[in-house]
Number of protein chains: 2
Amino acid sequence: MRSYGQYCGLAKALDIIGDRWTLLIVRELLIRPCRYTDLRKGLPGIATNMLADRLREMETEGILTREEAPPPVATTLFRLTKRGRDLEPALLLLGNWGAPLLAKSSGKAGAKAGGKEAFRTHWLALPLQLHLADQHPRRPPVRIELRTGEVGDDPITIETLDGAIQIRMGAATRPDAVLTGTPQLIMGVLVGKRDLSEARAAGLQFEGDPAVLRRVQSPG
Amino acid sequence: MRSYGQYCGLAKALDIIGDRWTLLIVRELLIRPCRYTDLRKGLPGIATNMLADRLREMETEGILTREEAPPPVATTLFRLTKRGRDLEPALLLLGNWGAPLLAKSSGKAGAKAGGKEAFRTHWLALPLQLHLADQHPRRPPVRIELRTGEVGDDPITIETLDGAIQIRMGAATRPDAVLTGTPQLIMGVLVGKRDLSEARAAGLQFEGDPAVLRRVQSPG
DNA sequence: CTGCATCCGCTTCGATACTG
DNA sequence: CAGTATCGAAGCGGATGCAG
């Protein structure tokens, strides 16, 4: 990207993370370290050369590192540096600022008319980390699995761990609850904006113990 | 901007404020309402058609409003909406994240070799608002004027008001202190990273009462 | 399969000139 | 003062090719 050439912290930040796709790559890597292919799956719509370009730039800027595995495995892992992880607070605030816009786009009409918006379950990880909390740290830990019905979209698991909320990629072994449905319904129920019966009526599939939902909901 | 087409708060935010120049326009308007010409002065390097385009887009997105004055005055004022002002926390965090990069670029070598970086004194307003605090709210208010020597760059004034820090555009009437110098020296002294004698040796001009500096410095 | 590089059409950006 | 018009250059998106 062309530099703004301004002696200003914000302008300097944008010189580095202001490029198209860059902050979304950071989003992916904040959730977990990724292979190239994971990034492509987590960033629907990105052109492969763009991704390669951005990864190179971000590496030279010190935002991420490339971990080469030895020849037998031959897979490269991309991981944020400390400097890259330092973007998390700003990124969460931006995501929060954008959240109200999700209501209007409710799943239909993406970039072009007719195509619906892309969604990946793991995109819920950052907002959930922000909005959930363990209300009963002394009780035995619980696990909640989230999934859409879509093929090629992996589930994620919420688990309580020492009083904190952890979000993991992948399905849960012996989950206390499993929620299947649209992101609107899943988020609505988890943040306490919709109640469970209403969400089920609207199409959410719920299996397990409804009490675990209250366990992880933040007050307010 | 082309939409990412992703059902994700961050992606939605970037659909709106991810364009080149957009967040810098928000920076300008967070500092004060602006006329078109003020924006051009505060955004060195912007092409006039870009500015016009962005202002139109931001107006339709509900981030800013255009206040037309009646014919005699014939000047248009651009002002952030509530929704636009809500970007402030995220923008401050991004600016903070970029701040360490200012050390390396220390005033030389901007976009092209040979040209130095642009600077406007009012760009200090947001970081100062963040880093200063009135240590003695009961004492009579103080005013500190900041200026570079550059022509065409207006000074700003820090003043204490009911225990809070206010930053105003323009020179102060009967200031308690006036600091003239590079942004590095001014910020260094104000946040307590450099002491005054060191900064004066490095070229900072200081007039007034050194005690007012301690009055506004945050602990830490 | 993973991790890119190349090519091509299109859009956006930047600089300058001009106007109500 | 507050923009529009124009045009070359750079960036982006999509498709495809290819080596380890």
Side-chain angles (χ1 to χ4, degrees), chain A residues 1-6 11 14-25 28-29 33-60 64-79 110-112 115 118 152, chain B residues 1-6 11 14-25 28-29 33-59 64-79 110-112 115 118:
Chain A
M1 156 173 281
R2 186 190 168 89
S3 168
Y4 287 107
Q6 298 188 357
L14 293 174
D15 281 348
I16 293 184
I17 52 81
D19 270 315
R20 193 160 168 75
W21 291 108
T22 303
L23 274 188
L24 294 184
I25 295 173
E28 291 300 306
L29 294 172
C34 291
R35 294 173 302 169
Y36 192 85
T37 323
D38 299 330
L39 286 167
R40 292 195 57 179
K41 278 195 282 198
L43 297 163
I46 198 171
T48 175
N49 55 352
M50 280 289 339
L51 179 54
D53 286 354
R54 292 290 180 264
L55 290 172
R56 240 191 316 273
E57 295 165 6
M58 293 166 77
E59 190 183 6
T60 68
L64 58 80
T65 54
R66 176 185 308 255
E67 271 173 40
E68 304 281 0
V73 217
T75 188
T76 317
L77 253 202
F78 297 92
R79 193 185 294 273
K112 302 288 181 186
Chain B
M1 157 173 280
R2 187 190 168 88
S3 169
Y4 286 108
Q6 298 188 358
L14 293 174
D15 280 348
I16 292 185
I17 52 79
D19 270 316
R20 193 161 168 76
W21 291 107
T22 303
L23 275 187
L24 294 184
I25 294 173
E28 291 299 307
L29 293 173
C34 290
R35 293 173 302 168
Y36 192 85
T37 324
D38 299 330
L39 287 167
R40 292 194 58 178
K41 278 196 282 198
L43 297 163
I46 198 172
T48 175
N49 54 354
M50 281 288 341
L51 180 53
D53 287 354
R54 292 290 179 265
L55 290 173
R56 239 189 318 271
E57 295 164 7
M58 293 166 77
E59 191 183 4
L64 59 80
T65 54
R66 176 185 308 254
E67 271 173 40
E68 304 283 0
V73 218
T75 187
T76 317
L77 254 201
F78 297 91
R79 194 186 294 274
K112 302 286 181 186

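Lettering of chains follows the sequences in order, A, B, ..., and the numbering in each one begins at 1.
Nucleotides of DNA chain C with any atom under 4.0 Å from a heavy atom of chain B span, from 5' to 3', dC13(C) to dA17(C).
Going from atom CD1 of I17(B) over to atom OG1 of T22(B) covers 7.5 Å, rounded to the nearest 0.5 Å.
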Going 5' to 3' through nucleotides 5-20 of chain D, assign each nucleotide B (protein heavy atom under 4.0 Å from a base atom), S (under 4.0 Å only from sugar-phosphate atoms) or - (no protein heavy atom that close). BB-----SBB-B----

Please determine whether side chain to side chain contact (heavy atoms under 4.5 Å, CB included) holds for the pair F78(A) and M58(A), giving the CA-CA distance in whole Å, both sets of side-chain angles, and the decisive distance to 0.1 Å. CA-CA 11 Å; F78(A) 297 92; M58(A) 293 166 77; over 6 Å; no

Steps toward side chain to side chain contact (heavy atoms under 4.5 Å, CB included) verdict (Q6(A), L24(B)): CA-CA 10 Å; Q6(A) 298 188 357; L24(B) 294 184; 4.0 Å; yes

Working for side chain to side chain contact (heavy atoms under 4.5 Å, CB included), residues D53(B) and R56(B): CA-CA 5 Å; D53(B) 287 354; R56(B) 239 189 318 271; 3.0 Å; yes

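A search for side chain to side chain donor-acceptor pair (under 3.5 Å) contacts involving T76(A) returns E68(A), not counting sequence neighbours. Taking R54(A) as the reference, E57(A) meet the side chain to side chain donor-acceptor pair (under 3.5 Å) condition, with sequence neighbours excluded.
Overall, the helix from dC1(C)-dG20(D) to dG20(C)-dC1(D) carries an axis bend of 30° between its ends, with five pairs at each end and the value rounded to 10°.
For S3(B) against G5(B), the heavy-atom pair with the smallest separation is OG-N, 2.9 Å.
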Listing, residues 38-52 of chain B side-chain donor-acceptor contacts under 3.5 Å, not counting sequence neighbours, or none:
from: D38(B); atom 1: OD1; to: R35(B); atom 2: NH2; distance (Å): 3.3
from: D38(B); atom 1: OD2; to: R35(B); atom 2: N; distance (Å): 2.9
from: D38(B); atom 1: OD2; to: R35(B); atom 2: NE; distance (Å): 3.4
from: T48(B); atom 1: OG1; to: Y36(B); atom 2: OH; distance (Å): 2.8

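As rounded to whole Å, 15 Å separates atom C1' of dA2(D) from atom CG of L43(B).
Test I16(B), D19(B), L14(B) against M1(B) for side-chain contact (heavy atoms from CB on, under 4.5 Å) and you get one pass: D19(B).
When side chains are defined from C-beta on, R79(A) does not count as touching L64(A), because their heavy atoms never get closer than 4.5 Å.
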